Novice: 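Have a look at this one before I ask anything.
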Amino acid sequence: MKKSGKACYNAAFSHIYVERQVWGHPRTERILKRFPHAVVVQVEHYKDVFCRKKQDYQAQHQAQSLILAAKKGQLVYPGASVCQSFGNEHFYYTSCVMNCIYDCEYCYLKGMYPSGNLVAFVNLEDIFAETEALLQQHSVYMCVSYDTDLLALESVLGFVQEWEEFVAKKKNLRVEIRTKCGRIDLWEKRKPSPALIYAFTMSPQFVVEHYEHRTAALAQRIRSAAEALDRGFCVRLCFDPMIYGPDWREQYHAMLCRIFDALDIGKIVDVSIGSFRISQEYLKRMRKNAPDSAVVQFPYENRDGVYQYPDRIRKEMELFLLEQLTAKIPREKLFFWKDT
């Protein structure tokens, strides 16, 4: 629908689809109460909405619908090869939510999912049970916020609090929650735990403005990370993915100066470093849907099914960041996707 030459969209989550199986689930009821004016539609299965053919991902992302569902089958997966394990032997991830309220141009979700809408799996108890079964065998390092930004969705879903409560009751479990959120108020409601790591993706402001749409500005992320550190939370800094540009050295140097000035670096748990990389299948779909995106259309090299920057650029960027960081942070706290 168009008006005055501009596209008109509904407000985010103005329409909520609920699987019949989770109709009446306590989390479903809690979430629906936060959207009293939403149009609520019952469906048989979330894929009836999420996996329809010929969807317009970009348009849907401008006015996302929320889909509440139950996750079936395997719920916890071995960590992906393009992700970092931070030295943990038993590395896993789970998806409580599919898709994100943020709109980063380079995000692999744009090549992974057919829909721009957001699916929240309300049966967290089943994910917790599968995690407990793994804990009977060995320790577990779990990433729970790869396919979304749980912290940014906390006011809607409340899943971070539930992970906090679950982790507090378990031994040999560490959980990472990655975010580009800049909210300060959330830390007042959280409880620090050595088993729960909040990983802040830090990007130069140029990258934020041009490619990480709707995310918190760099200054907001830094301020939120500083507040978390001051309150005793475990904070990881993620310079991952690094994005190449004509003045990338100046951009990344300026970003690090701001971070070193604002944060108590000695309290940082560790740091992640990695240049942009993505599976060839995801990038193929992304290029079709984003023909004008500089970061998507960059001439990457395909190495073993993963598109990356040419080796010279990748090494130059990662080593530059390593040299800058080792001036302030012990080398043993710095982790690469593939050690340079």
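Here the structure is a predicted model, which is why all the values come from computation and not from measurement. What's counted below: heavy atoms across the whole structure, side chains too, no hydrogens, waters or symmetry copies.
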Novice: A side-chain contact here means heavy atoms from C-beta on lying under 4.5 Å apart; do W23 and V43 qualify?
Specialist: no
Novice: Salt bridge or not for K189 and E164, using N-O below 4.0 Å?
Specialist: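 Result for this pair is no, no salt bridge flagged.
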Novice: Any link between L229 and V269 through a network of hydrophobic side chains (Ile, Leu, Val, Met, Phe, Trp, Tyr) touching at under 4.5 Å?
Specialist: no
Novice: Do we see a donor-acceptor contact under 3.5 Å between the side chains of D147 and S95?
Specialist: yes
Novice: Classify the angle between the aromatic ring planes of F200 and W187 as parallel (below 30°), tilted (30 to 60°) or perpendicular (above 60°).
Specialist: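 F200 and W187: tilted rings.
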Novice: Is the closest side-chain heavy-atom distance between Y244 and F276 below 4.5 Å?
Specialist: no
Novice: Could you check whether E29 pairs with R27 (Lys NZ or Arg NE/NH1/NH2 to Asp/Glu carboxylate O, under 4.0 Å)?
Specialist: no
Novice: Could you check L334 against T326 for side chain to side chain contact (heavy atoms under 4.5 Å, CB included), going step by step and ending with a plain yes or no?
Specialist: CA-CA 8 Å; L334 305 180; T326 49; 3.5 Å; yes
Novice: With a distance cut-off below 6.0 Å to the six-membered ring centre and an angular limit of 45° from the axis, does R287 pair with Y307 as a cation-pi contact?
Specialist: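 Yes, a cation-pi geometry.
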Novice: Report yes if the distance between the aromatic ring centroids of Y211 and Y106 is under 6.0 Å, otherwise no.
Specialist: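 No; Y106 has its ring centre 6.0 Å or more from that of Y211.
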Novice: Cut-off 3.5 Å, side chains only: do S155 and R183 have a donor facing an acceptor?
Specialist: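 Distance-only check passes for S155 and R183.
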Novice: Does Y300 have R314 sitting over its ring (NZ/CZ under 6.0 Å from centre, angle to axis within 45°)?
Specialist: no
Novice: If the threshold is 4.0 Å, N to carboxylate O, is there a salt bridge linking K72 and D126?
Specialist: no
Novice: Under 3.5 Å, is there a donor on one side chain and an acceptor on the other for Q42 and R20?
Specialist: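 Result is no, nothing qualifies.
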Novice: Applying ring-ring contact (aromatic ring centres under 6.0 Å, His included), name anything that partners F206, two or more places apart in sequence or on another chain.
Specialist: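 For F206 the ring-ring contact (aromatic ring centres under 6.0 Å, His included) partners, ignoring immediate neighbours, are H210.
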Novice: Would you call E176 and Y198 a side-chain contact if the rule is heavy atoms closer than 4.5 Å?
Specialist: no
Novice: For the pair Y46 and N117, evaluate side chain to side chain contact (heavy atoms under 4.5 Å, CB included) and give the outcome as yes or no after the intermediate values.
Specialist: CA-CA 11 Å; Y46 80 88; N117 293 320; over 6 Å; no
Novice: Given the rule that I, L, V, M, F, W and Y join up when any side-chain heavy atoms are under 4.5 Å apart, are I197 and L263 in one cluster?
Specialist: no
Novice: Going through the distances and angles, do E281 and K288 end up as a salt bridge (Lys or Arg N to Asp or Glu O under 4.0 Å)?
Specialist: CA-CA 11 Å; E281 290 303 317; K288 181 179 179 180; over 6 Å; no
